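For clarity, every value in this text was computed on a predicted model and none was experimentally measured. When a ligand or atom number is given, it counts from 1 through the structure's own listing order. When a residue number appears, it is its place in the shown sequence, counting from 1.
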Amino acid sequence: MPRDWRDSVDLTERQALVRRSIRDLCSAFDDEYWRERDRTATYPQEFVDRLAADGWLGMLIPEEYGGVGMSTSEAVVMMEEIAASGGGFAAPQAIHGGIYNSVPIVKYADERLKSELLPKVAAGEETIQAFGLTEPNAGSDSTAMETRARREGDEYVIDGEKVWISRVENSDYLVLMARTTPREEVEKRTRGISMILVDLEDAYADGLDIEQIPKTASRAVHSYQLYFDDVRVPTRNLIGEEGEGFYQVLDGLNEERLVIAAECLGLGETALESGIDYANEREVFGGPIGANQAIQHPLAEAYADLLAAKKVIYDAADRLDDLDRTEAGAEANVAKYLAAEAAFEAADAAVQTHGGFGVAREYDVERYLREARLTRLVPVTQQLALNYLGERVLGLPRSY
Ligand SMILES: Cc1cc2nc3c(=O)[nH]c(=O)nc-3n(C[C@H](O)[C@H](O)[C@H](O)COP(=O)(O)OP(=O)(O)OC[C@H]3O[C@@H](n4cnc5c(N)ncnc54)[C@H](O)[C@@H]3O)c2cc1C
C-alpha cells in the first residue's frame, strides 16, 4: 500500500492518539459543512461544542485545573488535522483563542483567578476566545497602543478602541492589552502595558460597543471593532504584573506562532489534496490533466514546500523547551513564514488545476486560496516574521 503522503514525520504515541481522535471527531463535519459556514458567514458552533465536550479546549490547561495537560507538540498535530480535515484556516481559527488565551492565565494569573476560571474553561462551560491587542493606530507596532486602563480604587477604567478582535461574540471573556502607564511616562515603550481579563457581559452593560468588520477570508469566524467608554473592570482581574503585560505576551508568542504555522500547513495539505484528486480525475485532450507537467510540477513544488515547513514545525515543537528565546523565535518565525507561503502556493496550484471550476464554490479551492492569502497577514505579517530573522538572526539593522 502506498505511504500516505501526509505521513511524513514520525509521531510520538501521544501525538498519534491526538491525530486519531481529531480525525475521528472532524469526520462528522464534511466539506459541505465548512462550505456552508463560509457561504453564510456563520460561526461553526456545533464543531466548537463537540471539541469542548471532549475537553479539547482545555488541552493546554494543567490536569490540576481539570485540563488535559498537553503541550505544543500535541497542539501542532491537533490544529494541522483540523485544518486538513477540509475546515481550512477558519476551522482552527474558530477555536484557537479558546485554547491559547488560557495559557497566560496558567502562567501569570494569581491562584484565585486560576482556580475560579480554569476548571470552567477546561470543562467547556466558559470560554476565553477573544484576545485584544490590535488598535487602529497600533498593528505591527503594537506598543503604540493608546487604549488606557486607569486605576480608580479597586477598579480599572478602560477607554479606547481595538480593531480586528476575533470571536468576541463567541466568548465570555476578553484578554485585553491596555496601557496602565502612558507611553510618554515609561522609559521603554514595551513597559506600562498590562494584561486584564474582561468579563464581556459586564463590559457590555458598562459601555463596551462592538461592530463586526465585513471581510472576505475566513468568513465563518468574525472579527470586530471594539469601543471602550469608561468600562470598569475589577483590579483583581489583572493577569500577572501591572506594566509587564507586553513581556507576558512575548513569552507565549513562539509556541503560538508554531501552532499557527501548523494551521497553515493543514490548510495547504487539504488544498493540495483537492488539486491532486482533480488532476487525476479530469480528462482533457483524451488524458488526465495531471499527466501534463505544467499541472504536475506546481503541485509537486507545493508538496516539497509543505514538507519542508512540516519538518521545521514538528522539529521545533519537539525541541522548544531546550531553546532560548531568540532561538525559539527564529524557529517559530521560519515555521510561520514557510508554512504560510507553502499554503498559498498549494492553494494557488489547486485553483489553477481546477481550471474554471477553481473559482466555483463547490470545489472549495477558492475558499482555501482566500484563507491562504490571509495567513500571510495574520497573526503577524510575513514581513514582520522576516524582520525578526533579518534583525535577530542575521544581525542586520532594525527598521524600527
Ligand atoms: C482576520 C483577522 C483576525 C485578526 N484577529 C486578531 C485578534 O483576535 N486580536 C488582535 O489583537 N488582532 C487581530 N488581528 C490583527 C492582526 O494581528 C494585524 O492585522 C496584523 O498584526 C497587522 O497589523 P495591521 O493590520 O495594523 O498592519 P500594519 O501594521 O498597518 O502594516 C501594514 C503593512 O506594512 C508592513 N509593515 C509595517 N511595518 C513594517 C516594517 N517595519 N517592515 C516591513 N514591513 C512593515 C506590514 O507587514 C503590512 O504589510 C486580526 C487581523 C485579521 C485580518
Side-chain angles (χ1 to χ4, degrees), residues 37-38 41 43 88-104 127-147 160-171 173-179 189 193-198 200 210-228 245-246 248-250 252-253 256-257 259-260 263-264 267 332-333 336-337 340-341 343-344 367 370-392 394 396-400:
R37 301 281 83 64
D38 180 72
Y43 187 70
F89 194 60
Q93 213 208 338
I95 51 144
H96 182 100
I99 293 174
Y100 264 86
N101 293 332
S102 52
V103 173
T127 54
I128 321 173
Q129 284 273 24
F131 179 76
L133 176 68
T134 307
E135 298 185 1
N137 295 318
S140 306
D141 182 7
S142 46
T143 59
M145 76 171 62
E146 289 158 355
T147 295
E161 269 181 49
K162 293 280 170 187
V163 72
W164 284 118
I165 311 308
S166 302
R167 300 169 299 269
V168 179
E169 279 188 314
N170 315 104
S171 191
Y173 296 94
L174 161 77
V175 174
L176 176 75
M177 302 305 297
R179 278 215 166 270
R189 59 188 175 177
I193 296 170
S194 300
M195 191 181 261
I196 298 166
L197 185 74
V198 177
L200 283 165
I210 66 169
E211 199 180 324
Q212 196 181 317
I213 304 172
K215 62 180 171 61
T216 53
S218 212
R219 283 168 42 84
V221 182
H222 303 154
S223 301
Y224 301 82
Q225 185 128 7
L226 272 55
Y227 305 91
F228 290 87
F246 192 73
Q248 293 169 198
V249 173
L250 288 186
L253 214 60
E256 193 170 359
R257 212 159 273 182
V259 173
I260 286 170
E263 298 171 13
C264 302
L267 166 65
N333 283 291
K336 196 275 165 176
Y337 176 78
E341 290 303 306
F344 184 80
R367 167 165 61 91
R370 283 184 275 124
E371 294 184 359
R373 190 64 187 81
L374 173 65
T375 70
R376 283 171 152 179
L377 301 169
V378 295
V380 63
T381 64
Q382 294 293 79
Q383 291 100 319
L384 267 283
L386 291 177
N387 282 0
Y388 186 95
L389 299 176
E391 292 157 16
R392 306 287 179 92
L394 307 182
L396 294 165
R398 283 184 81 132
S399 62
Y400 49 89

Side chain or backbone of [X] under 4.0 Å from ligand 1, or both, or neither, by non-hydrogen atoms?
| X | answer |
| --- | --- |
| Y400 | side chain |
| N387 | side chain |
| P379 | backbone |
| S399 | side chain |
| T381 | side chain |
| V378 | side chain |

Do any non-hydrogen protein atoms sit less than 4.0 Å from atom 34 (O) of ligand 1? no
Distance below 4.0 Å between atom 41 (N) of ligand 1 and any protein heavy atom?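 Yes, there is a protein heavy atom closer to it than 4.0 Å.
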Excluding sequence neighbours, so at least two apart, what forms side chain to side chain contact (heavy atoms under 4.5 Å, CB included) with V378?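 So V378 forms a side chain to side chain contact (heavy atoms under 4.5 Å, CB included) with F89, L374.
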Quick one: look up the protein heavy atom nearest atom 44 (N) of ligand 1 and list residue, atom name and how far away it is.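 Among all protein heavy atoms, the one nearest atom 44 (N) of ligand 1 is Q383 CB, 3.5 Å.
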In ligand 1, which numbered atoms sit nearer than 4.0 Å to a non-hydrogen atom of L384?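 By the 4.0 Å cutoff, the relevant atoms are 39 (C), 45 (C), 47 (O).
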Does F246 have any ring-ring contact (aromatic ring centres under 6.0 Å, His included) partners at least two apart in sequence or in another chain, and if so, which? none
